[in-house]
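For reference, the structure is listed below as structure tokens.
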Amino acid sequence: MDEGKYLILTSGVNLNLESTLLSGQAHRWKIKDYWYEGVIAQNLIHIRDSDLGIEFYSAPVSEGEFADRLSDYLGLGDNLDLIYQSISKDVQISSAIKKYTGMRILRQDPWECLIAFICSANSSLIRISSAMETLSENFGQRITLKNKARYTFPSAHVLAEAGEARLRQLKLGFRAKYVSKVAEIVSEGKIDLMELKHLPYDEAKEKLLNLPGVGDKIADCVLLFSLDKPNAFPIDRWVKRALEDWYSIKLFNYSKIREWALEYFGEFAGYAQQYLFHQRRLQQL
DNA sequence: TCCTCTCCTTGCTT
DNA sequence: AAAGCAAGGAGAG
């Protein structure tokens, strides 16, 4: 290590980098020789655990200037002890918390998060990553760090100009139409994604549901992973199975299941969802 | 209004 | 190797 080049972001903070970055919340993180390599807000980041805490490199913005933004992205402002205490309602969730302790809910860029989860429809984590990487390589800006290159995630304007046909060529499948239309809507300013952070859950969700290709589940993902709504509770195949097998939930009405989850797990139900999802998916049942 | 069924792209898995 | 499956949504009935 070149001394002084990296920054110890945290020391003694409960952060599980692997579970946080590779649990299906964000889709552009790659691990190489214990370093996680990803792109956050037009910046290339290399980050890893060390004995002293979390260390990282960033470019083009310097480590010192990017530290606060990175802390925010990683959700380090969340009080995990308080959240664990709030959602630990039973053995299932408690064991998941124990197993993956330090997994945090990310605070991603809403635009990138929205497109990622539109691409997640009837897809797989590998394929979502592939789509996000393809979009970046074709329409993003090249950035480098320590002799390695990646590409920024493209703006709504650029994706709108690309058009549906081009996106289909890049193998987005039936999602190409949704990505294209949403890019148009956002670039024309018909919805302000950042503004949704300041609205209550119900109002923000209603606006997201108006977008083509966005239903209950994808809207909840965007609300939870990028719009500061810890009470969003995305219900996908894995979570549905977990709720059926571990909680004997039989009803398939999305809104009613979410109401149950909010009642049962409380205001941080979204965190409970992430632990149930991660546990269930890695368990491969 | 609300539920259920089918279709939609592609690629990895079994 | 054909079929199943993957962080779903839209439209029809």
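All figures in this text were calculated on a predicted structure; none of them were measured in a lab. Letters go in sequence order (proteins before strands), and every chain restarts at 1.
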Roughly how many Å apart are B:dT6 and C:dC5, using the P atom of each and rounding to a whole number?
15 Å

Side-chain N,O (A:Asn253) to OP1/OP2 (B:dC3) below 4.0 Å | yes

A:Tyr178 has its side chain closest, among C:dA6, C:dG8, C:dA10, to C:dA10

| message | Taking atom types as they are modelled, would you say the side chain of A:Arg175 forms a donor-acceptor pair with the base of B:dT10 within the 3.5 Å cutoff? | response | no

Under-4.0 Å salt bridge between A:Glu164 and A:Lys181
no

Of A:Leu211 and A:Ser23, the one whose nearest nucleotide on DNA chain C sits closer to the 5' end is A:Ser23

Under a 4.0 Å N-O cut-off, is there an ion pair linking A:Arg258 with A:Asp220? no

**Study point:** Face-to-face stacking of A:Phe117 with C:dA7, centres under 5.5 angstrom, angle under 30°
**Key:** no

Taking a pair to mean Watson-Crick or G-U wobble geometry with both distances below 3.5 Å, C:dG8 pairs with B:dC8

Looking only at B:dT9, B:dT10, C:dA7, the nucleotide nearest the A:Phe174 side chain is B:dT9

Once you apply a heavy-atom cut-off of 4.0 Å, does A:Tyr254 come out as touching a base, just sugar-phosphate, or nothing? nothing

To the nearest angstrom, the CG-P distance between A:Leu209 and C:dG8 comes to 16 Å

When rounded to whole Å, the CG to C1' distance for the pair A:Leu125 and B:dT13 reads 15 Å

Rounded to whole Å, the CD-C1' distance (A:Gln274 to C:dA7) equals 9 Å

*Base, sugar-phosphate, or nothing: which does A:Gly213 touch, judged by heavy atoms less than 4.0 Å apart?*
sugar-phosphate

Which part of the nucleic acid does A:Gln169 contact within heavy-atom distance under 4.0 Å: base, sugar-phosphate only, or nothing? nothing

C:dA7 to B:dC7 separation - P atoms, rounded to the nearest Å: 23 Å

Rounded to whole Å, the NZ-P distance (A:Lys240 to C:dG9) equals 11 Å

Whole-Å distance, A:Leu172 CG to C:dA6 C1', equals 16 Å

- Inter-nucleotide C1' distance (C:dG9, B:dC12), Å rounded: 23 Å

**Asked** Do the charged groups of A:Glu203 and A:Lys207 touch, with an N to O distance under 4.0 Å?
**Response** no

State whether the distance check finds a donor on one side and an acceptor on the other, under 3.5 Å, for side chain A:Arg168 versus base B:dT9.
no

Separation of C:dC5 atom P from A:Arg237 atom CZ, nearest Å, is 9 Å

Under a 3.5 Å limit on both distances, the Watson-Crick or wobble mate of C:dA2 is B:dT14

Base of B:dT10 paired with side chain of A:Asn122 (donor-acceptor, under 3.5 Å)
no

Output for pair (A:Arg280 CZ, A:Gln92 CD), nearest 0.5 Å, gives 8.5 Å

State whether A:Arg127 places a side-chain N or O below 4.0 Å from either non-bridging phosphate oxygen (OP1 or OP2) of B:dG11. no

Sorted by position of nearest nucleotide on DNA chain C, 5' first, the leading residue of A:Pro212 and A:Cys221 is A:Cys221

Could you tell me whether the phosphate oxygens of C:dC5, OP1 or OP2, come under 4.0 Å of any side-chain nitrogen or oxygen in A:Arg281? no

With a 6.0 Å cut-off on the ring centroids, do A:His157 and A:Phe139 count as close?
no

Interatomic distance, CG@A:Asp109 vs CE@A:Met194, rounded to 0.5 Å, equals 6.5 Å

Atom CH2 of A:Trp238 and atom C1' of C:dG8 are separated, to the nearest Å, by 15 Å

All heavy atoms of A:Gly38 vs all of A:Leu44, minimum pair found to be O-CD1, 3.4 Å

Q) Counting any heavy atom closer than 4.0 Å, what does A:Lys171 reach on the DNA or RNA strands: base, sugar-phosphate only, or nothing? A) sugar-phosphate

Taken to the nearest whole Å, CG/A:Leu170 to C1'/B:dT10 is 13 Å

- NA contact type, A:Val239, heavy-atom cut-off 4.0 Å: base, sugar-phosphate, or nothing? nothing

